[in-house]
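The chains referred to below are lettered A, B, ... by the order of the sequence lines, with proteins before strands, and numbering in each begins at 1. Side chains are part of it too, since the values below use all heavy atoms of this structure and drop only hydrogens, waters and symmetry mates.
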There are 2 protein chains.
Amino acid sequence: MANSAWSEKILQLLRRMNNFYLPGSCRPHCFRFEINEAQVGWVPPQVASLLARYPEVFTPPHGGAVSLCPSLDTYGRRSEAVDAVLQTMRQEGNLTCLKGWRDEKYSVMSKFSDPPMMWMERAATSLFGVKRYGVHINGYTVSEGGEVSMWLARRSPTKQTYPGLLDNVAAGGLAAGVGIKHTLVKECQEEACIPAVIAEKAHPVTTVSYTYEEEDGVFAESQFAFDLELPREFKPRVGDGEVQDFYLLPIDKVKELLATDDFKPNCAMVVLDFLIRHSFIEPDTEPCYQEFVAGLHQTLE
Amino acid sequence: MANSAWSEKILQLLRRMNNFYLPGSCRPHCFRFEINEAQVGWVPPQVASLLARYPEVFTPPHGGAVSLCPSLDTYGRRSEAVDAVLQTMRQEGNLTCLKGWRDEKYSVMSKFSDPPMMWMERAATSLFGVKRYGVHINGYTVSEGGEVSMWLARRSPTKQTYPGLLDNVAAGGLAAGVGIKHTLVKECQEEACIPAVIAEKAHPVTTVSYTYEEEDGVFAESQFAFDLELPREFKPRVGDGEVQDFYLLPIDKVKELLATDDFKPNCAMVVLDFLIRHSFIEPDTEPCYQEFVAGLHQTLE
């Protein structure tokens with residue numbers, strides 16, 4: 001692929017993953033989702049209509065915001081009241097995203113540094129545009145000659161989301177109350193059979209942040225990215241069945257794959273960030289270098 | 001300094017360097033600066049009033065924009081016409097920023113990947129909120145035991161801007177038509193007497209982007225950041241007199257200095273990015289980790 005066609009494919013990926021910021025998105029029609037007057041998400045209009053049926057939990061839209069009722073004044077009360085609504089909606093079966101119910105509790109807060117105000121079922125977060133956090137690991141090896149190769153996973157064909165697509169060697173969402181490094185070590189073990197003694201050597205390098213909208217709602221996400229140099233003789237193995245295979249690929253091949261539709265999009269972003277940090281993409285030869293970096297770090301004001 | 005006080009100082013730095021995005025900034029009152037209907041900057045209202053005196057060069061504000069007259073239809077004509085206006089304004093002596101005239105031509109374009117539409121004197125770019133690009137080098141050493149120390153420069157007390165403050169080991173603005181790595185090698189040589197054979201080993205790692213307003217106008221900047229591991233026995237030396245001294249400091253000391261007012265602010269941002277990429281700041285112990293990363297990569301839509 002010619003250089004400029006490759007760059008254009010990467011820009012397309014970044015635009016798609018940040019389409020909530022683009023003209024024509026649902027953003028101007030969304031309601032701020034507020035708890036105690038602090039914004040913690042975005043509620044699309046079609047979701048707001050559904051929530052209106054539960055006035056004991058959600059206030060009617062007012063001043064551009066949908067709020068939790070002030071009587072829900074503790075972490076526990078908020079979490080339970082919203083969960084009860086979501087369980088009802090799930091049983092009604094009208095919302096596709098709730099079919100992917102996972103029984104995983106995610107923290108709801110306006111900033112990562114703030115104390116969580118409630119937890120919410122993972123599958124429901126996009127209905128409220130609640131920001132989700134996760135961990136993604138760039139697994140790679142360095143040959144004796146200094147050549148870098150990257151380990152990629154191919155997702156199981158039976159995965160609920162993005163079946164059969166390429167993924168980072170391990171990755172996972174951050175559940176309420178669980179540490180970042182702890183999540184990393186757990187996911188490395190479960191998904192790729194990377195023992196803790198190796199996984200603990202991963203080092204944090206950045207976050208990759210983006211917000212996109214799909215039919216299911218608004219996906220605002222920040223991924224804590226880690227680099228993990230794996231011993232040359234080590235091979236990740238399929239663990240919990242979320243992955244069907246692992247490949248060790250030269251950087252040129254990885255770069256080529258980034259511009260195809262074979263990658264889970266947010267994993268492609270984490271890999272793009274790796275390629276930039278490790279100077280496999282250089283600003284004198286990649287005119288879109290700065291646009292790439294910007295596209296990897298979009299956040300809502 | 002307690003951890004949370006340090007984090008708050010860093011957040012303050014990032015807010016100040018991105019104050020153009022904050023409520024209360026001049027942004028809603030600025031005019032888009034357009035060439036051929038493409039936005040290339042932001043003109044504050046007080047500057048727009050001054051430009052109104054040159055209707056043969058600037059169209060009167062219309063639809064929220066100040067534009068170059070369409071008759072200025074080449075790179076050369078635009079550059080010369082605007083330069084003539086700026087020379088007049090400079091002689092009138094009313095604009096502080098033009099007292100810092102440098103005879104350095106900066107490219108004007110809507111994106112770095114677009115062909116430049118004109119050049120503009122560096123000192124004038126803030127009057128038009130034209131985005132400026134530069135190169136900043138993180139110079140560091142690694143001891144035999146693996147301990148990282150960072151080389152910092154202290155700016156000359158006679159520098160026009162930020163005299164006497166701490167700076168990266170070398171840095172410089174990107175002049176029209178000059179390459180990024182070329183600028184890096186030149187600045188390393190001139191400012192820190194780092195020979196080309198060493199400077200060329202610097203590798204690109206990211207961009208750091210921000211937009212702030214001051215009395216002089218709007219400063220929209222993106223810095224191409226490079227890491228340069230210097231040989232242990234090598235010492236940067238004062239070159240062209242822009243620097244008064246160099247220090248080799250342990251990372252803990254650098255981190256402490258970041259939260260003082262002793263750093264040129266954009267250099268502090270480049271160092272903060274270095275500390276994050278090299279895992280000297282970790283997300284499990286720094287609650288504002290993601291906010292830090294976001295604050296280093298703000299760009300105008």
Practice problem: Can you measure from CG (A:Leu296) to OG1 (B:Thr206) and round to the nearest 0.5 angstrom? | Solution: 8.5 Å
Quiz item: Heavy-atom distance under 4.5 Å to chain A: side chain of B:Glu286, backbone, both or neither?
Solution: neither
Name each donor-acceptor pair under 3.5 Å that joins a side chain in residues 173-189 of chain A to protein atoms two or more places apart or in another chain, with its distance.
residue  : atom : partner  : partner atom : Å
A:Lys181 : NZ   : A:Glu200 : O            : 3.1
A:Lys181 : NZ   : A:Ala202 : O            : 3.1
A:Thr183 : OG1  : A:Gly179 : O            : 2.6

Quiz prompt | Whether B:Ser279 side chain and A:Pro204 backbone form a donor-acceptor pair below 3.5 Å | solution = yes
Exercise. Please name the pair of heavy atoms, one in A:Pro283 and one in B:Phe226, separated by the smallest distance, quoted to 0.1 Å.
Key: CG-CZ, 4.2 Å
Quiz item: Should we count CZ of B:Arg15 as having more than 12 external heavy atoms under 6.0 Å?
Solution: yes
Practice problem: Kindly write out the residues that satisfy side-chain contact (heavy atoms from CB on, under 4.5 Å) with A:Thr207, not counting sequence neighbours, or none if the list is empty. | Solution: A:Ser209, A:Phe224, B:Tyr289, B:Gln290, B:Val293
Practice problem: Give the minimum heavy-atom separation between B:Pro287 and A:Ser113, together with the two atoms involved. | Solution: O-CB, 3.4 Å
Self-check item: Separation between NZ of A:Lys111 and CG of B:Leu11, rounded to the nearest 0.5 Å
Solution: 7.0 Å
